[in-house]
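Just below is one structure, and these are the notes that go with it.
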Amino acid sequence: MSEQVFADTIEKDQRIEPRDWMPDKYRATMIRQIAQHAHSEIIGMQPEGAWITRAPSLRRKAILLAKVQDEAGHGLYLYSAAETLGADRGDLTRRLIEGRQKYSSIFNYPTLTFADVGVIGWLVDGAAICNQVPLCRSSYGPYARAMIRICKEESFHQRQGYELLMTMMRGTEAQRAMVQDAVDRWWWPSLMMFGPPDGDSPNTAQSMAWKIKRHTNDELRQRFVDMSVPQAEALGVRLPDDDLRWNADREHYDFGAIDWSELKRVISGDGPMNAERIAHRRRADEEGAWVREAAAAHAAKKREAAAK
Ligand code: 3HC
């Protein structure tokens, strides 16, 4: 497959597949984005995982367990998609642990009460849906196909979070205050999930040209705000932004300025929970080494037996 065939395939909105010719930079940015997405899913298990043993009922525990397991599965699909590009998941894990690859800023915030579990479902998974649905049409085939199943599960994640919050909002004054406190803490970091503003995004132009991204960071952020405001009203919570108002001319909600220095700080490792998240991931990787070694030894034995 030549450069021209690659360009024609992209032009015609068709898929690039693992065995197709692709520019080295396309391969590299696909590995970069898919790996970070996978790292985000795996690290994203930690904030909510901390509440599985403290869920207020068996039903909430079962739902939360299912959701956290889903995130693990999303990570595995995405590491498999990265491997179709020649990446090695062990190497990607080392890059994550050594800070040479990123994961989503949103998972570096603490989950202080059970209302955080609901707000993460509603806002964080809601933002993920805004970001991931267009990725179902991403030009790289294995990534786009992984997104289709992931998006179906994200819808369950978002709905269970919103239902949890609806339940708490029909509860006591203290429960309503817990929900509002969680919304106050997670709203702005959820807007930052979509990345820096388009003018400050070094990857967007090329990723749009190669149809890896189908919308820019700001377009998806706006879509998320427009989707969330009516949901907040229905829930009976206030979004912590005095500048949030409907703009009839734009037919979108105007919203306040985002503190980009916070995003830069969190991405560079200086967020509230970065050290804990990476230490937890490093520990899990070390404690799981014997499983990987045993599986590799077993596979080698099977190969030897087959070769006889
Ligand atoms: N957290 C951490 N790093 C971020 C970030 C964020 N919120 N936003 C941007 N960055 C990084 C980028 O990775 C890039 O750094 P790099 O070149 O070293 O990779 C740099 O900041 C500049 O940003 P760009 O906008 O130029 O980078 P991208 O074009 O890659 O756009 C993105 C960033 C929108 C996050 C894009 O990578 C993307 O859409 N990724 C796939 C979706 C994803 O990863 N979602 C994250 C959460 S996963 C999730 O929500 C799970 C669910 O279950 C909750």
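In listed order, ligands and their atoms are each counted from 1.
Applying the ring-ring contact (aromatic ring centres under 6.0 Å, His included) rule to Trp187 yields the partners Phe224; only residues at least two apart in sequence or on another chain are considered.
Taking the six-membered ring for Trp and the full ring otherwise, the centers of His39 and Tyr79 sit less than 6.0 Å from each other.
Under the 3.5 Å distance criterion, with hydrogens and angles disregarded, no donor-acceptor pair is assigned to the side chains of Glu251 and Asn247. Side-chain atoms of Ser228 and Tyr253 include no donor-acceptor pair closer than 3.5 Å.
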### Message
If you apply the rule side-chain hydrogen bond (donor to acceptor under 3.5 Å, both in side chains), what do you find for Arg170 with Gln175, and how did you get there?
### Response
CA-CA 8 Å; Arg170 286 196 297 268; Gln175 285 173 315; over 6 Å; no
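Around ligand 1 you find Arg32, Gln33, Gln36, His37, Ser40, Glu41, Glu71, Lys102, Tyr103, Ser104, Ser105, Phe107, Val124, Asp125, Ala128, Asn131, Leu135, Tyr143, Glu154, Met192, Met193, Phe194, Gly195, Pro196, Ser201, Pro202, Asn203, Lys213, Asn217, Ile267, each with a heavy-atom distance below 4.0 Å.
A salt bridge is defined here as a Lys NZ or Arg NE, NH1 or NH2 lying under 4.0 Å from an Asp or Glu carboxylate O, and Asp241 with Arg245 fails to meet this definition.
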